[in-house]
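One structure is given below, encoded as structure tokens.
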Amino acid sequence: MPLVYYLLLSALLFGIGVAGVLLRRNAIVIFMSVELMLNAVNLTFVAFASHFKNLEGQIFVFFVMVVAAAEVAVGLALIVAIFRVKQTVFVDEINLMKW
Amino acid sequence: MILDMAINLQTVLFFLFSVIALGAAIMMVLHRNPVYSAIFLIVTLFALAGFYVLLNAPFVASVHVIVYAGAIMVLFLFVIMLLNLKQDPSRKRGKVARRAFASLLVVVLMAEMGVLIGGSLLTGNGVAATLPAIGLANGAADSTGFAGDTAAIGKQLFTTYILPFEIASVLLLIGIVGAVILAKRKLTS
Amino acid sequence: MGHFGYTEIADSNSRPQGAGTTLKVSINFEISMQKYLWLIPFFPLLGFIINGLLGRKFSEKMVGVIGAGAVLASFIAAILAFTELLGLAPESRVLTQTLYQWLATGNLGIDIAFRLDALSMTMVLVVTGVGFLIHVYSIGYMHGERGFFRFFAFLNLFMFAMLLLVMGSNFLVMFVGWEGVGLCSYLLIGFYYDRIFDETTGLTCSGAGTKAFIVNRIGDFGFLLGIFLIFATFGSLDFETVFAKAGASLATHEVSTAIFTAITLLLFIGATGKSAQLPLYVWLPDAMAGPTPVSALIHAATMVTAGVYMVARCSIIYVQAPIAMEVVAIVGLATAVFAATMAITATDIKKILAYSTVSQLGYMFLACGVGAFTVGIFHLMTHAFFKALLFLGAGSVMHALSGETQITKMGGLKKLTPTTFWTFLVAGLAIAGIPGLSGFFSKDEILWKTFLHSPALYVIALIAAGVTAFYMFRMIFSVFYGAPRMDAAVMHHLHESPKVMTVPLMILAVLSIIGGYVGIPHLNQFEHWLEPAFTRFVPAGASLPAAAHGSFGLELGLMALSVIVALVGIYIARQIYLIKVGAADRIATNFSGLYNLLKRKWYVDEIYDALFVRPLMWLSENFFWKIFDVKIIDGAVNGVAKFFGGLASVLRRWQTGIVQNYAVTVVLGVIVILGYLLMR
């Protein structure tokens, strides 16, 4: 398949992820949308790796996954901690940092 | 242009996977129940794994399934269950403006990205034939000798990229420690 | 280190007046003072720093030793420089030293540099010599005063500034010294900062200091404009450069008389402020609020002479502006007369002397105005001796009488404080112009030169000289002769001043007697010494506007006339104040209108107050403060703050605390950047 198709698909997935971040209220779903964005980017990397016949893209994907894993662990721990205090996971109710 | 392409297993699989991925992603974003969202995300991830296989990256595909679908999403589900989240309530009134604006932004963003990427598609005729083709067993343009198998990646990882590798392990350690501390219940005396 | 050598010159034919050998003794030093000129102002600066910072902890003796010692060191350095100057040929009698470059912007390059030529050497010797004697005197006079160390610190600072003024080799260093002496004058006049000076007007001592400073400032404005004009005309502020160019203009006339007139008039305004001439003299009588040594040093011998020095220094410019010279002469003469009239009726001993100072300064300016610059400086020197002596003597009298200043409450001190009396008498005779004393020679030179210039001016000057003799001896007779009019408590504490005060008096008395002999007409060493400093800028071939000459017989005749006038003045004073008791009061009642006018100082202070001070205060308070400062400036500053406060209170609503809003912003930013990249 032409490279461009993979890139377009990845762009679409990325856009759907952004939509999820901006439009959902549930913090966990927002988080999952962020994961979707990361994965779209992974797809781009692998596509380019295949295009340029270079393994660096795949290795970078490896590291992106590492980071994503660590990030999820910490992020979910944060959400749990906030839930304990505010008893909610809806981001528009967690607005103590307003003016 | 689409019709120019050869109908072979590659193409079919590509479109199949893409339909699954896009559909599941959209459902993930739209569905009210967070558990369902998680499940849909898992489906998307599997579709992506299929893409990786198509793109000469078997190792990445396996790791993807193991780490992402197997560990990360399970963690998500644990947390959703732990917090005992029910369905998201219906939207509050008065926030329509923000949501409309956000939707507009998303559309614009996708359009921009589309223009960035696909600009070349619009520039000429018969472009598809000149576009480089990638993926498994793709004819003349295919690479011989390029394989993203475990041995090759391992070799790269432990020689050229050894430092990022070690740092990544430290990063994971930090993640573990941080997660434990953050989620610990405070001991009340 | 140094070796003496002398050469004997058999010189019987070179001098027209007399035959005889001339013995020249030259003292050669291996170390040239040229590199150490900076020491002369430095010692008093050091004294100021030490006494100012540490003086609080020192004993009175230590403070006095440091203060007076610093000036003594300056004096010694000045003597060394003087001997070196004497060793040079008259045309090249200049020592200069450049310390460092102060400003270098565009065309303007100013160095901190010193210049010792005959004129500044004279001034330095007078300033440090008389200054030293006054410092010693102050050790005794200020004994027991609160703030003893502060006094000496300020006095040393004053010496530093005055030396900068006279030794500066460009107009800007001179101006720095000019302002510095003004500052020290303010600090020292207001030394007793919490005392009321004038009961009738409620003027405090610090108020008197403020008055001095402000009136000086008005003059300084003119001075500064003059400096600007000099720079615009000559392109430099360095004396050598400016005066050389001005001298060249004598021959080539490239600079117009109008420019010269403008420069000189502006400079003269500065001189009127600093040297207390009409119309800016009003600060000097009130400056008597300061301690007596301050009056002696600053307001008699040194600071007030800075204006005369400045005019003399710029002589090459003045001679090319005849109109300005006339103005200087007339203003000087008018001031001399005006101040003399006010001295007739004053009863505060220091105020009489203050008016006398104003009057004598007028004489100096008269001399400069008729072109006799060396004579003006000569009178400056002799005046420094006898006026300082008069002030210190007055201080001694006040010390003896526990602070009494009204001459109506004094009397009979001739027998009670003999040293003070004899020295005071010497000074009085000197200022009256009695032959044999220094004042006679200098004042007579002035009168002679004035006569050659304009007989009309001479007559007025002569009358003023007579009035001078009259009021001086009015004071002497009231204070020292007759029956004592002090009350019992004062009589009880009456005592002659201690040695530390009377020795300087005696030294100054000796100087008042012999100091004039350097300027005897026709054997005039002083003129020979000083003249080259003025003529060196005259280019070869050109000449100064010729001074008139008169016959020696005429000169002798006028000399005799002035002596007679002085004696008449003394006689009248004796009649009124000594012989016929009560005559003074009867005259006062008979001529009460005139008497009151003079007693109230021609109402000048009241006129100035109504014309200038009150309107300015009203303007300052009601317009500049209430409207301009409060509403406009504060309004602008507060307005800026309020604007940003308002802006912030609007903008802060952006911080909603909802994360998704921030995410929207991020995405918006990404879109913008992507769009920009797409456009390219």
Side-chain angles (χ1 to χ4, degrees), chain A residues 1-9 11-20 22-26 28-29 31-33 35-36 39 42-43 46-47 49-51 53-59 61-63 65-74 76-81 83-84 89-90 92, chain B residues 10-11 14 18 21-22 25-26 28-29 34 37-38 41 44-45 48 51-52 55-57 60 63 67-68 71-72 75-76 79-80 83 85 88 99 102-103 106 109-110 113-114 117-118 121 128 131-135 143 146 148 152-153 156-157 161 164 168 171-172 175-176 178-179 182-183:
Chain A
M1 295 304 298
L3 171 66
V4 177
Y5 287 15
Y6 282 101
L7 296 183
L8 278 174
L9 175 65
L12 274 177
L13 283 173
F14 189 85
I16 294 172
V18 171
L22 296 184
L23 294 173
R24 290 299 300 257
R25 291 173 56 221
N26 194 323
I28 300 195
V29 175
F31 212 175
M32 286 196 282
S33 307
E35 291 303 314
L36 182 59
N39 276 293
N42 279 353
L43 181 59
V46 174
S50 181
H51 173 62
K53 316 267 188 296
N54 192 341
L55 271 183
E56 283 186 5
Q58 298 185 11
I59 291 178
V61 168
F62 180 80
F63 287 116
M65 281 193 216
V66 166
V67 171
E71 168 208 355
V72 165
V74 174
L76 286 176
L78 271 174
I79 293 179
V80 167
F83 182 80
R84 281 215 199 98
V89 288
F90 295 124
D92 47 0
Chain B
Q10 287 257 340
T11 324
F14 174 80
S18 52
L22 283 172
I26 291 175
M28 178 204 93
V29 169
S37 294
L41 185 58
T44 313
L45 293 175
L48 281 178
F51 276 125
Y52 294 152
L55 285 170
N56 274 340
V60 174
V63 170
V67 169
Y68 252 114
I72 293 178
L75 189 56
F76 264 108
V79 170
I80 295 173
L83 301 183
L85 293 176
D88 280 5
R99 300 171 83 82
S103 317
V106 171
L109 180 65
M110 286 205 275
M113 285 196 286
I117 296 168
L121 276 179
L131 290 175
I134 53 176
S143 60
F146 172 72
I153 291 197
Q156 285 288 302
L157 209 48
Y161 298 104
L171 182 68
L172 285 172
I176 295 171
L182 282 171

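Values below: every heavy atom of this structure, side chains too, minus hydrogens, waters and symmetry copies.
The shortest heavy-atom contact between A:Arg24 and B:Ser37 is NH1-OG, 4.1 Å. In terms of heavy atoms, B:Ala179 sits closest to A:Ala73 at CB-O, 3.8 Å. Residue A:Ala19 comes nearest to B:Val29 through the heavy atom pair C-CG1, 4.5 Å, listed as atom of the first residue, atom of the second, then distance. Here the closest heavy-atom approach between residue B:Val106 and residue A:Gly15 is recorded as CG1-O, 3.6 Å.
The choice from A:Val29, A:Val61, A:Leu23 that makes the most heavy-atom pairs within less than 4.5 Å of chain B is A:Leu23. The residue among A:Ile16, A:Val74, A:Leu7 with the most heavy atom pairs within less than 4.5 Å of chain B is A:Ile16. Of the residues considered (B:Leu109, B:Leu22, B:Ile26), B:Leu22 shows the highest number of contacts with chain A, using heavy-atom pairs under 4.5 Å. Between chain A and the residues B:Gly178, B:Ala57, B:Gly175, the most heavy-atom pairs under 4.5 angstrom are made by B:Ala57. Comparing A:Val72, A:Leu13, A:Leu22, A:Ile59 by how many heavy-atom pairs each has under 4.5 Å with chain B, the most go to A:Ile59.
For A:Val67, the parts lying under 4.5 angstrom from a heavy atom of chain B are both the backbone and the side chain. Neither the backbone nor the side chain of A:Glu71 comes within less than 4.5 Å of any heavy atom of chain B. With a 4.5 Å cut-off on non-hydrogen atoms, A:Val18 touches chain B through its backbone and its side chain both. Interface remark: A:Leu12 contributes backbone and side-chain atoms alike to the contact with chain B (heavy atom separation under 4.5 Å). Heavy atoms of A:Asn42 lying under 4.5 Å from chain B belong to its backbone as well as its side chain. In this structure, chain A has heavy atoms under 4.5 Å from both the backbone and the side chain of B:Ala38. Using a 4.5 Å cut-off between heavy atoms, A:Phe90 touches chain B through its side chain atoms alone.
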Could you walk me through whether B:Val60 and A:Met65 satisfy the side chain to side chain contact (heavy atoms under 4.5 Å, CB included) test, starting with their C-alpha distance in whole Å, then the side-chain angles of each, then the deciding distance to 0.1 Å, before giving a yes or no? CA-CA 10 Å; B:Val60 174; A:Met65 281 193 216; 4.0 Å; yes
Begin from the C-alpha positions of A:Leu76 and B:Leu75 and carry the test side chain to side chain contact (heavy atoms under 4.5 Å, CB included) through to its verdict. CA-CA 8 Å; A:Leu76 286 176; B:Leu75 189 56; 3.7 Å; yes
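Atom-to-atom distance recorded for B:Tyr161:OH and A:Phe62:CZ is 13.0 Å, nearest 0.5 angstrom. In this structure, CZ in A:Arg84 is found 9.5 Å from CG in B:Leu83, a value given to the nearest 0.5 Å. Atom CG of A:Asn39 and atom OH of B:Tyr68 lie 4.0 Å apart (nearest 0.5 Å).
Taking the six-membered ring where the residue is Trp, A:Tyr5 and B:Phe14 present tilted rings, their angle falling between 30° and 60°.
A:Gln58 and B:Tyr52 are not linked by any side-chain donor-acceptor pair at a separation below 3.5 angstrom, with hydrogens and angles left out of the test.
Under the rule for a side chain to side chain contact (heavy atoms under 4.5 Å, CB included), the partners of A:Ala70 that lie at least two apart in sequence or sit in another chain are B:Leu171, B:Leu172.
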